[in-house]
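Since the structure comes first, as structure tokens, the remarks are kept for the end.
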Amino acid sequence: MTDAPESLMIFAAGFGKRMGRMTESVPKPMLSLAGRPMIDHSIDLAREAGINRIVANTHYLHDRIAPHLLAHDVVVHHEVPDILDTGGGLKSALSDLGSGPALTLNPDAAWTGRNPLTQLLEAWLPDMQALLLLVSTETAGRSAECGDFSLESGKIHRKGPYLYTGAQIIRTEKLREIGDPVFSLNRYWDLLAESGPLHGLIHDGGWFDIGHPDGLARAEVMLRTGYV
């Protein structure tokens, strides 16, 4: 495989407000999932996929998460004074990620089945701009109206019966064309789509987004039983 990503960005800077009191003194990626900090599962996925250069951005409760990340040989990119959102955070960390395409991963999800990062790496082709890992709304226990994308012949379009899982491979060269320091990946996807299609891949396994306290409990059930 040529043009293979060699680095991973984990987005760990958010406030985790939907978790309520659970994140008043603990950053969301450090909440326990199956007996370990949530972000450790993301680090494991990267190591298992052969990715050794891992970068994580931090902001909220930086002092609580940074020592843990450094102990796991993760490069910490501290966003100060402001949080930069996903696109801005990725752009700000380019010097740590290196040149070429990069993997990105949201740590607040539970996975079953094949390693999602391995799936992306095996499907990545040099002519792709971005490859997003998706699950159907049905698999995620959501209504079809909640979907993010449609998928046709491996190419994605806005709106449809698939959800973005928070895992992808993306080319980073055009990030510098966005002058604003704070922006989302949605804006960057739109920029990339101006010059060609974005691609999608369906995850071979289960996935659950941990967006609230009940979601954390349901994710634990999925990891134990395979079902949400």
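Values reported hereafter were calculated over all heavy atoms of this structure, with side chains retained and with hydrogens, waters and symmetry mates removed. Numbers here are sequence positions counted from 1.
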Give every residue pair that meets the salt bridge (charged side-chain N to carboxylate O under 4.0 Å, His left out) criterion with at least one member in [range], sequence neighbours excluded.
range	value
residues 43-61	Arg36-Asp44
residues 67-82	none
residues 197-207	none
residues 4-30	Lys28-Asp108

For this session: Using salt bridge (charged side-chain N to carboxylate O under 4.0 Å, His left out) as the criterion, list what pairs up with Asp209, not counting sequence neighbours.
Result: Arg142

Exercise. Who are the salt bridge (charged side-chain N to carboxylate O under 4.0 Å, His left out) partners of Asp180, not counting sequence neighbours?
Worked result: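 For Asp180 the salt bridge (charged side-chain N to carboxylate O under 4.0 Å, His left out) partners, ignoring immediate neighbours, are Arg187.
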
Which pair of heavy atoms, one from [X] and one from [Y], lies closest together, and at what distance?
X	Y	answer
Thr23	Gly16	OG1-O, 2.9 Å
Thr139	Gly205	CG2-O, 4.3 Å
Pro116	Leu133	CB-CD2, 3.3 Å
Leu8	Ala46	CD2-CB, 3.5 Å
His59	Ala13	CB-O, 3.5 Å
Gly200	Leu134	CA-CD1, 4.3 Å

Exercise. Partners of Asp96 by side chain to side chain contact (heavy atoms under 4.5 Å, CB included), sequence neighbours excluded?
Worked result: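 If we apply the side chain to side chain contact (heavy atoms under 4.5 Å, CB included) test to Asp96, skipping adjacent residues, the hits are Val55, Val75, His77.
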
Seminar exercise, completed: Residues passing the side chain to side chain contact (heavy atoms under 4.5 Å, CB included) test with Arg171, sequence neighbours excluded, are Asp3, Pro101, Trp124, Glu173

For this session: Could you pull out all residues at least two apart from Arg64 that satisfy side chain to side chain donor-acceptor pair (under 3.5 Å)?
Result: none

Exercise. Of all residues at least two apart in sequence or in a different chain, which pass the side chain to side chain donor-acceptor pair (under 3.5 Å) check with Asp148?
Worked result: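 By the side chain to side chain donor-acceptor pair (under 3.5 Å) rule, Asp148 matches no residue at all.
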
Cluster question for you: counting only ILVMFWY and a side-chain heavy-atom cut-off of under 4.5 Å, with indirect links fine, are [X] and [Y] together?
X	Y	value
Phe208	Ile202	no
Trp111	Ile43	yes
Val74	Ile10	yes
Ile169	Leu201	yes
Leu105	Ile39	yes

Exercise. So, do Pro197 and His199 sit near enough that their side-chain heavy atoms are less than 4.5 Å apart?
Worked result: yes

Problem set entry | Min side-chain heavy-atom separation His157-Leu198 under 4.5 Å |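 In short, these two side chains do not touch, never coming nearer than 4.5 Å.
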
For this session: Take Met128 and Leu125, measure what side chain to side chain contact (heavy atoms under 4.5 Å, CB included) needs, and give me the verdict at the end.
Result: CA-CA 6 Å; Met128 292 179 173; Leu125 296 173; 4.1 Å; yes

Hey, can you pull the donor-acceptor pairs under 3.5 Å for the side chains in residues 189-196, sequence neighbours left out?
| from | atom 1 | to | atom 2 | distance (Å) |
| --- | --- | --- | --- | --- |
| Trp189 | NE1 | Gln168 | OE1 | 3.1 |
| Asp190 | OD1 | Arg158 | NH2 | 3.1 |
| Ser195 | OG | Gln129 | OE1 | 3.0 |
| Ser195 | OG | Lys174 | NZ | 3.0 |
| Ser195 | OG | Leu192 | O | 3.1 |

From [X] [atom1] over to [Y] [atom2], what is the distance, rounded to the nearest 0.5 angstrom?
X	Y	atom1	atom2	answer
Ile54	Ser42	CD1	OG	9.0 Å
Leu131	Glu122	CG	CD	11.5 Å
Leu103	Ile170	CG	CD1	11.0 Å
Asn57	Leu84	CG	CG	8.0 Å
Asp214	Met19	CG	CE	9.5 Å
Cys146	Tyr162	SG	OH	16.0 Å

Exercise. Judged by modelled atom types alone, do His203 and Gln119 share a side-chain donor-acceptor pair under 3.5 Å?
Worked result: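 There is such a pair (donor and acceptor under 3.5 Å, judged by atom type) between the side chains of His203 and Gln119.
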
Backbone N/O of [Y] and side chain of [X]: donor-acceptor pair under 3.5 Å:
X	Y	result
Ser153	Lys155	no
Ser150	Gly160	no
Asn115	Leu45	yes
Lys91	Thr86	no
His68	Met30	no

For this session: List the steps and the verdict of side chain to side chain contact (heavy atoms under 4.5 Å, CB included) for Phe183 and Leu175.
Result: CA-CA 10 Å; Phe183 60 94; Leu175 280 165; 4.0 Å; yes

Problem set entry | Shared-cluster residues of Ile83, by chain and number - hydrophobic side chains joined below 4.5 Å | Phe15, Tyr60, Leu61

